[in-house]
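This report concerns only the one structure given below.
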Amino acid sequence: MTDSPQQPALAAPRTEVYAEKDQLVTVVAERLLAVLVDAARHQGDAHAVLTGGSAGVAVLAKVADLLARPGTETPPWQKVHFWWGDERLLPSDDPERNAQQAHEALLDALIEQHGLPESNVHQMPVSEDAADPEIGAEIYATELQAHAGENGRSGLALPRFDVLLLGVGPDGHVASLFPGKASLHVTEKTTTSEDESPKPPLQRISLTFPAIQTAERVWMVVSGADKAEAAAKALTPGTEVTEIPAVEARGARETIWHLDHAAASRLS
């Protein structure tokens, strides 16, 4: 996959390896808070894209822990917006939804205790609102457009993503962009749909690679030995996106692979 003409040069990935998962998620949680503080201070608002999976949800739970510690610097939450990189098209109360898990880990506490406006939480559509993933993708594209700057980002109608978190599957997928799927090659759109995910549930909504690549910072959060082969391939020059989609997950300013020792065990 080649960059569109409007796409600036992307940041080469760098790796950071941690002894175990808790250390990894603590560092990412601390950095996430710091980015939100800095963006809100210097730009007037902050936009973060969240991910699901055990490591992604653990990061949010760790943020909640940090907020309970005296002296933790936090952003003005009314200036912070949360988005998602992908979602399962399921009912609103389904515990498998990334948004549902994020609310339980952190967002409910931010809303109830710290003044985060519910309108600043931009969930992807639920099955009650979208009959199929294609409709859901169109709905979310409209939501992204409503919060885009005057000229969008790299020619796309998107807000400025200060940081975008991603997990990586054992097959090398990121968001809901899976090996061999047509969604890997969607350009000129911010969102895409998946009707036949290799892992259940089948129906998904996802940001596209061009949308992901507009983020200032793209941070992979990868834990576990089952991710080691995919991580090693993704970080090997010449690996094709059709085989390991994670090779195209890069940020405009920064691309960091945060790995625990098990996930990094096959890196050269």
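Residue numbers start at 1 and run along the sequence shown. Any value given below was found using the heavy atoms of this structure, including those in side chains, with hydrogens, waters and symmetry copies removed.
- Other residues, nucleotides and ligands place no more than 12 heavy atoms under 6.0 Å from the NE2 atom of His261.
- For an aromatic pair to be called close, the ring centres must be under 6.0 Å apart, and Phe161 with His47 fails this.
- Atom CD1 of Ile205 is separated from atom OG1 of Thr191 by 8.0 Å, given to the nearest 0.5 angstrom.
- Judged purely by atom type and a 3.5 angstrom limit, Thr255 has no side-chain atom pairing as donor or acceptor with the backbone of Val218.
- The side-chain heavy atoms of Asp171 and Phe178, taken from C-beta on, include a pair separated by under 4.5 Å.
- Tracing side-chain contacts under 4.5 Å through hydrophobic residues (I, L, V, M, F, W, Y), one reaches Leu166 starting from Leu235; they form part of the same cluster.
- The neighbour count for Glu143 CD, taken as heavy atoms of other residues, nucleotides or ligands under 6.0 Å away, is above 12.
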Salt bridge (Lys or Arg N to Asp or Glu O under 4.0 Å) evaluation trace for Arg88 with Glu194
CA-CA 10 Å; Arg88 296 108 185 258; Glu194 180 55 65; over 6 Å; no
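- No chain of hydrophobic side-chain contacts below 4.5 Å, direct or via other Ile, Leu, Val, Met, Phe, Trp or Tyr residues, connects Leu50 to Val37.
- Glu118 CD: 12 or fewer foreign heavy atoms inside a 6.0 Å radius.
- Residue Glu128 places its CD atom among more than 12 non-hydrogen atoms of other residues, nucleotides or ligands, all under 6.0 Å distant.
- The environment of Gln78 atom CD is dense: over 12 non-hydrogen atoms of other residues, nucleotides or ligands sit within 6.0 angstrom.
- Looking at Gln23, its side chain does come within 3.5 Å of a backbone N or O of Ala19 through a donor-acceptor pair.
- The distance from the CG atom of Leu144 to the CG atom of Leu156 is 10.0 Å, given to the nearest 0.5 Å.
- Looking at Lys189 and Glu138, no side-chain N of the basic residue comes within less than 4.0 Å of a carboxylate O on the acidic one, giving no salt bridge.
- Salt bridge annotation for Lys233-Glu240: absent, with no cationic side-chain nitrogen under 4.0 angstrom from a carboxylate oxygen.
- Leu202 is not connected to Leu90 by any chain of hydrophobic side-chain contacts under 4.5 Å among Ile, Leu, Val, Met, Phe, Trp and Tyr, and they are in different clusters.
- For the pair Arg204 (side chain) and Leu89 (backbone), a donor-acceptor distance under 3.5 Å is absent.
- For the residue pair Gln213/Glu248, the side-chain donor-acceptor check at 3.5 Å is satisfied.
- The OG atom of Ser197 sits 9.0 Å away from the CG atom of Asp86 when rounded to the nearest 0.5 Å.
- Interatomic distance, Gln101 CD to Thr51 OG1, rounded to the nearest 0.5 Å: 10.0 Å.
- Between the OG1 atom of Thr26 and the CG atom of Leu66 there is a distance of 7.0 Å, given to the nearest 0.5 Å.
- No side-chain heavy atom of Pro91 sits less than 4.5 Å from a side-chain heavy atom of Val126.
- Atoms NZ and CZ, from Lys79 and Arg41 in turn, are 10.5 Å apart once rounded to the nearest 0.5 Å.
- In terms of hydrophobic clustering, with Ile, Leu, Val, Met, Phe, Trp and Tyr side chains grouped at heavy-atom distances under 4.5 Å, Ile244 and Leu184 are assigned to a common cluster.
- For the side chain to side chain donor-acceptor pair (under 3.5 Å) criterion with Asp45, the lone passing option out of Arg160, His81, His147 is Arg160.
- At least one side-chain heavy atom of His258 sits less than 4.5 Å from a side-chain heavy atom of Tyr18.
- Taking the six-membered ring where tryptophan is involved, the planes of Trp84 and His103 are essentially parallel, since the angle between them stays under 30° and well short of 60°.
- Contact annotation: the side chain of Gln203 approaches that of Asp195 to within less than 4.5 Å [non-hydrogen atoms, C-beta and beyond].
- Val49 and Val57 sit in two unconnected hydrophobic clusters of ILVMFWY residues. Membership requires side-chain heavy atoms under 4.5 Å apart, directly or through other members.
- Ion pairing between a basic and an acidic side chain is recognised when a charged N comes within 4.0 Å of a carboxylate O; Glu87 and Arg97 show such pairing.
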